[in-house]
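Contents: one structure, followed by commentary.
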Amino acid sequence: MELFKYMESHDYEQLVICQDKTSGLKAIIAIHDTTLGPALGGTRMWTYASEEEAIEDALRLAKGMTYKNAAAGLNLGGGKTVIIGNPKTDKNDEMFRAFGRFIEGLNGRYITAEDVGTTEEDMDLIHLETDYVTGVSAEFGSSGNPSPVTAFGVYKGMKAAAKEAFGSDSLEGKVIAVQGVGNVAYTLCEHLHEEGAKLIVTDINKEAVQRAVDAFGAIAVGTDEIYSQEADIFAPCALGAIINDDTIPQLKAKVIAGSANNQLKNPEHGDTIHEMGIVYAPDYVINSGGVINVADELAGYNSERALKRVAGIYDTIEKIFAISKRDNIPSYVAADRLAEERIARVAKSRSQFLQNEKSVLTQKK
Ligand SMILES: NC(=O)c1ccc[n+]([C@@H]2O[C@H](COP(=O)([O-])OP(=O)(O)OC[C@H]3O[C@@H](n4cnc5c(N)ncnc54)[C@H](O)[C@@H]3O)[C@@H](O)[C@H]2O)c1
Ligand SMILES: CC(C)C[C@H](N)C(=O)O
């Protein structure tokens, strides 16, 4: 990978490589864009096949956070960290304290939170060294596990998508095929069941499936059968890249709305479903409830305020459909446009000269 060429072509600001021999920390902090504010994005711990793969993942995920935070209306830029290692076997307290000191050294340009492989306890260790961390324990004013709030946002976004497709946002009687019934999707199913939707579920974890069958009277199907169900809505809540050449021909649903990240295998798949008339709620918009919730901690966490903001995902999804129709573009392109236009407007409004203590005007002769 030609690093500078890649960073230049995707407008990355900074890449920070952190190592600490004592704890074994090998972390990569990628900061994509801080036009809107400090970069907020979680820390992923994963066993990467190579250092290059880890760097690529950090960069890709950081850019995703720029778009997610911008479209969510947050005054935050995008960044992400990956720590190379097995989250089950390679963690130690010193590792997260060392990482916290590296974050502190960035002086607020980057704020972290949980992601795949990291927990509230890890954030508490980081918090011993820096305040630039969210998702810490309740005693420090945390918002707690983001999954139920992410689910609430997906539920609201799904209603907006239903309104677009069916003319009403009621989900009563709608058949919804849910792929993966883990942390986010279980709470999502609670909301859907409460509203009177009929659920079809699948998961590689048989216990998770049984839990949904018992609690919501959901119909269980095999993992390969979920795409072809006679459903009104398909809710991908497990894996990325599940909208692809193999699955698109099987889909009968008129709406795709779920929590999974990176649902489109390639952008062209977003074009194809658009041409087929399927209403697609862009993934990073509909699943932004978690980041909206942790971001609220920066102002002193207020659950009522955070949930009100998360409910606004409904309006954001509606706005994206309006842009999609106005400009005759697929909804995934409309979401990018919404984020990019907001960043460009703020960049322009902040370009004027402002005197500060480092200004040439204030330097003493
Ligand atoms: N947790 C959050 O707040 C949050 C925020 C934004 C995005 N997301 C995304 O939402 C998705 C779900 O997150 P989660 O926190 O609920 O994760 P989770 O691990 O709790 O749930 C995922 C579920 O999918 C199942 N699964 C895995 N492979 C499958 C397959 N091939 N077919 C069917 N089921 C399969 C797993 O067994 C698990 O039960 C992920 O893509 C995640 O990146 C989560
Ligand atoms: C900051 C975190 C809560 C971000 C979350 N992991 C996401 O992908 O949205």
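Order of listing sets the numbers, starting from 1, for every ligand and every atom in it. What you see is a predicted model; the values in this text were computed from it and never measured.
- In summary, K80 and D115 engage in a salt bridge, as defined by a charged side-chain N under 4.0 Å from a carboxylate O.
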Report, one line per pair, each donor and acceptor closer than 3.5 Å where one atom sits in a side chain of residues 149-160; sequence neighbours left out.
residue, atom, partner, partner atom, Å
T150, OG1, P146, O, 3.2
T150, OG1, G290, N, 3.2
Y155, OH, E195, OE1, 2.3
K159, NZ, D169, O, 3.0
K159, NZ, E195, OE1, 3.0
K159, NZ, E195, OE2, 2.8

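- Look at E164 and K325 and you find a salt bridge, because one of the NZ, NE, NH1 or NH2 atoms lies within 4.0 Å of a carboxylate O, short of that distance.
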All N/O donor-acceptor pairs, side-chain side in residues 199-225, below 3.5 Å, sequence neighbours left out:
residue, atom, partner, partner atom, Å
T202, OG1, V221, O, 2.9
T202, OG1, G222, O, 3.3
T202, OG1, T223, N, 3.2
D203, OD1, N205, N, 2.7
D203, OD2, V181, N, 2.8
N205, OD1, E207, N, 2.9
N205, OD1, A208, N, 3.3
Q210, NE2, D214, OD1, 3.0
E225, OE1, G222, N, 3.0

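- Within the 4.0 Å heavy-atom criterion, the part of T150 lying near ligand 1 is the side chain and not the backbone.
- Counting only non-hydrogen atoms, the option in G258, G42, A238 that gets closest to atom 40 (C) of ligand 1 is A238.
- Across the listed options L239, T223, L188, D115, L239 owns the non-hydrogen atom lying nearest to atom 31 (N) of ligand 1.
- In S288, neither the side chain nor the backbone holds a heavy atom less than 4.0 Å from any atom of ligand 1.
- Geometrically, ligand 1 and S259 share a nitrogen or oxygen pair separated by less than 3.5 Å.
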Check ligand 2 for close polar pairs with the protein: N or O on both sides, less than 3.5 Å.
residue, atom, partner, partner atom, Å
ligand 2, 6 (N), D115, OD1, 2.7
ligand 2, 8 (O), K68, NZ, 3.2
ligand 2, 9 (O), K68, NZ, 2.6

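- Inclusion of S147 in the set of residues having an N or O under 3.5 Å from an N or O of ligand 1 is warranted.
- With salt bridges taken as basic N to acidic carboxylate O contacts below 4.0 Å, none links D232 and K254.
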Kindly list each side-chain donor-acceptor pair under 3.5 angstrom involving residues 258-268, sequence neighbours excluded, with atom names and distances?
residue, atom, partner, partner atom, Å
N261, OD1, N287, ND2, 2.9
Q263, NE2, G258, O, 3.0
Q263, NE2, A260, O, 2.9

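- The shortest N/O to N/O separation between G290 and ligand 1 does not fall below 3.5 Å.
- Across the listed options V178, N293, N183, N183 owns the non-hydrogen atom lying nearest to atom 20 (O) of ligand 1.
- With hydrogens left out, the protein atom closest to atom 22 (C) of ligand 1 is C237 O, 3.9 Å, a heavy atom.
- Taking CD1 from I111 and CD from E297, the interatomic distance works out to 10.5 Å, rounded to the nearest 0.5 Å.
- Taking distance alone, with nitrogen or oxygen atoms compared against 3.5 Å, V181 stays at or beyond that limit from ligand 1.
- Ligand 1 has no nitrogen or oxygen under 3.5 angstrom from a nitrogen or oxygen of K68.
- Annotation: N261 places an N or O atom under 3.5 Å from an N or O atom of ligand 1; distance criterion only.
- Protein heavy atom at the shortest distance from atom 14 (P) of ligand 1 is V184 CG2, 3.9 Å.
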